[in-house]
Every structure is written in C-alpha cells, then in structure tokens.
Amino acid sequence: MDPTARFEALLAAGKDSALLRFGLGSHYLGQGDAQRAAEHLRRAVAQDPAYSAAWKLLGKALQAIGERDQAAEAWRAGIAAAEKRGDKQAAREMAVFLRRIEPPPQA
C-alpha cells in the first residue's frame, strides 16, 4: 500500500490527528500537490497551533500555490510557536523564508 493510501485510510478510519495531517501534507507537497498539502497542513495547525514544523510546511505549500501573504502569515505564526517552545532552529528557518518573500523596506 502506497503512503497516500495508507494515510488516507487512517483518516477515513477516524484517526484524525495533527501528526497524520502533517504526514499527508508533507507527502502531498513532496508529490507536487501543494494545494492538497496546504489543506492538510491547515488542519494540522488548527488541531495543534504549537506544531511549528506544520506551520513551516504550510508556509511552503502556500508559497508554492502563489499565496505569498498567507505564506508569510503562516511563517509568522510558526515563528511564534517555535519561539514559545524554544525551537530556535525552526524559528530561524522560517525567519529566512519570511525575509525572502517580504519586500525590502522603502527608503
């Protein structure tokens, strides 16, 4: 059974969780389906707002579908979640992603 079918079977069996949604989102993003990835990752962070890795991938998925403002919002939320948990590496990574998409300050 391929990973997608396995994950989807767990979801259909009522085993919904932030971790399962993260797995589905990560899988779909890796397969190039950023729209479907974003749907699952949104559910992951709704279920666990402190899940900084899910926020990071959600930002990547949103950026991939051209939703730059929403990607920035996801990374800001992810940075806050990561900092609250002491996950400095995740906060730094999302800060880099955020700087890459935000326009430079006007002089």
Side-chain angles (χ1 to χ4, degrees):
M1 185 183 281
D2 75 285
T4 307
R6 199 169 39 236
F7 287 144
E8 292 288 359
L10 286 169
L11 198 56
K15 301 202 186 306
D16 198 0
S17 70
L19 183 60
L20 178 58
R21 294 291 184 159
F22 176 80
L24 278 162
S26 179
H27 176 75
Y28 283 122
L29 191 58
Q31 297 297 311
D33 191 345
Q35 184 70 47
R36 187 173 273 170
E39 293 168 17
H40 287 291
L41 293 163
R42 280 188 175 114
R43 294 291 300 270
V45 299
Q47 291 176 8
D48 183 358
Y51 200 162
S52 57
W55 284 112
K56 182 170 81 169
L57 277 190
L58 175 57
K60 286 185 173 195
L62 291 167
Q63 182 182 28
I65 60 174
E67 298 291 343
R68 289 172 50 118
D69 291 342
Q70 289 181 31
E73 287 176 30
W75 287 326
R76 283 188 203 100
I79 290 167
E83 288 174 345
K84 191 179 275 188
R85 295 179 62 189
D87 189 352
K88 293 178 179 154
Q89 180 62 31
R92 277 194 297 266
E93 288 174 15
M94 287 183 274
V96 168
F97 299 151
L98 192 54
R99 278 195 302 274
R100 288 181 183 160
I101 66 167
E102 288 186 325
Q106 298 296 318

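Fair warning: this is a prediction, and the values are worked out from it, not measured in the lab. All residue numbers in this chain count up from 1 along the given sequence. Computed over heavy atoms, backbone and side chain alike; hydrogens, waters and symmetry mates excluded.
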Engineer: How many angstroms lie between CG in Leu57 and OH in Tyr51, if you round to the nearest 0.5 Å?
Structural biologist: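 The CG atom of Leu57 sits 8.5 Å away from the OH atom of Tyr51.
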
Engineer: Verify the cluster assignment for Leu29 and Val45: are they in a single hydrophobic cluster under the rule of side-chain heavy atoms below 4.5 Å apart?
Structural biologist: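 Looking at the clustering, Val45 is in the same group as Leu29.
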
Engineer: For Glu102 versus Arg68, what's the shortest heavy-atom pair and its separation?
Structural biologist: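 That closest heavy-atom pairing would be N-NH2, 4.4 Å.
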
Engineer: How long is the span from the OG atom in Ser17 to the CZ atom in Arg43, to the nearest 0.5 Å?
Structural biologist: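 Between atom OG of Ser17 and atom CZ of Arg43 there are 11.0 Å.
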
Engineer: Show your working on side chain to side chain contact (heavy atoms under 4.5 Å, CB included) between Arg42 and Gln70 and close with a plain yes or no.
Structural biologist: CA-CA 11 Å; Arg42 280 188 175 114; Gln70 289 181 31; 2.5 Å; yes

Engineer: How far apart are the closest heavy atoms of Ala91 and Ala82, and which atoms are they?
Structural biologist: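 So the minimum-distance heavy-atom pair works out to N-CB, 3.8 Å.
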
Engineer: Can Asp16 and Gln47 be said to form a side chain to side chain contact (heavy atoms under 4.5 Å, CB included), step by step?
Structural biologist: CA-CA 9 Å; Asp16 198 0; Gln47 291 176 8; 3.2 Å; yes

Engineer: Between Arg36 and Leu24, is a side chain to side chain contact (heavy atoms under 4.5 Å, CB included) present by the stated rule, with each step listed?
Structural biologist: CA-CA 9 Å; Arg36 187 173 273 170; Leu24 278 162; over 6 Å; no

Engineer: Roughly how far, to the nearest 0.5 Å, is the CD atom of Gln35 from the CG atom of Leu62?
Structural biologist: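 Nearest 0.5 Å value for the CG-CD distance: 8.5 Å.
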
Engineer: Under 3.5 Å, is there a donor-acceptor pair between the side chain of Trp55 and the main chain of Pro49?
Structural biologist: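 Between the backbone of Pro49 and the side chain of Trp55 there is a qualifying donor-acceptor contact (under 3.5 Å).
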
Engineer: When rounded to the nearest 0.5 angstrom, what distance separates NZ in Lys56 from CG in Leu41?
Structural biologist: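 Rounded to the nearest 0.5 Å, the NZ-CG separation comes to 12.0 Å.
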
Engineer: Please report the interatomic distance CZ(Arg92) to CD(Glu83), rounded to the nearest 0.5 Å.
Structural biologist: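 Taking CZ in Arg92 and CD in Glu83, the distance rounds to 10.5 Å.
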
Engineer: Measure across Ala64 and Ala34 and return the closest heavy-atom pair with its distance rounded to 0.1 Å.
Structural biologist: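 Where Ala64 meets Ala34 most closely, the heavy atoms are CB-CB, 3.6 Å.
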
Engineer: Mind running side-chain hydrogen bond (donor to acceptor under 3.5 Å, both in side chains) on Gln63 and Arg100 for me, showing each step along the way?
Structural biologist: CA-CA 11 Å; Gln63 182 182 28; Arg100 288 181 183 160; over 6 Å; no

Engineer: Could you grab the distance from atom CE of Met94 to atom CD of Gln89, nearest 0.5 Å is fine?
Structural biologist: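 These two atoms lie 10.0 Å from each other.
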
Engineer: Go through Asp48 and Phe22 one step at a time and tell me if the side chain to side chain contact (heavy atoms under 4.5 Å, CB included) criterion holds.
Structural biologist: CA-CA 10 Å; Asp48 183 358; Phe22 176 80; over 6 Å; no

Engineer: Could you go through the salt bridge (Lys or Arg N to Asp or Glu O under 4.0 Å) check for Lys60 and Glu93 one step at a time?
Structural biologist: CA-CA 11 Å; Lys60 286 185 173 195; Glu93 288 174 15; over 6 Å; no

Engineer: Do the rings of His40 and Tyr28 sit parallel, tilted or perpendicular, given the 30° and 60° boundaries?
Structural biologist: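 Parallel.
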
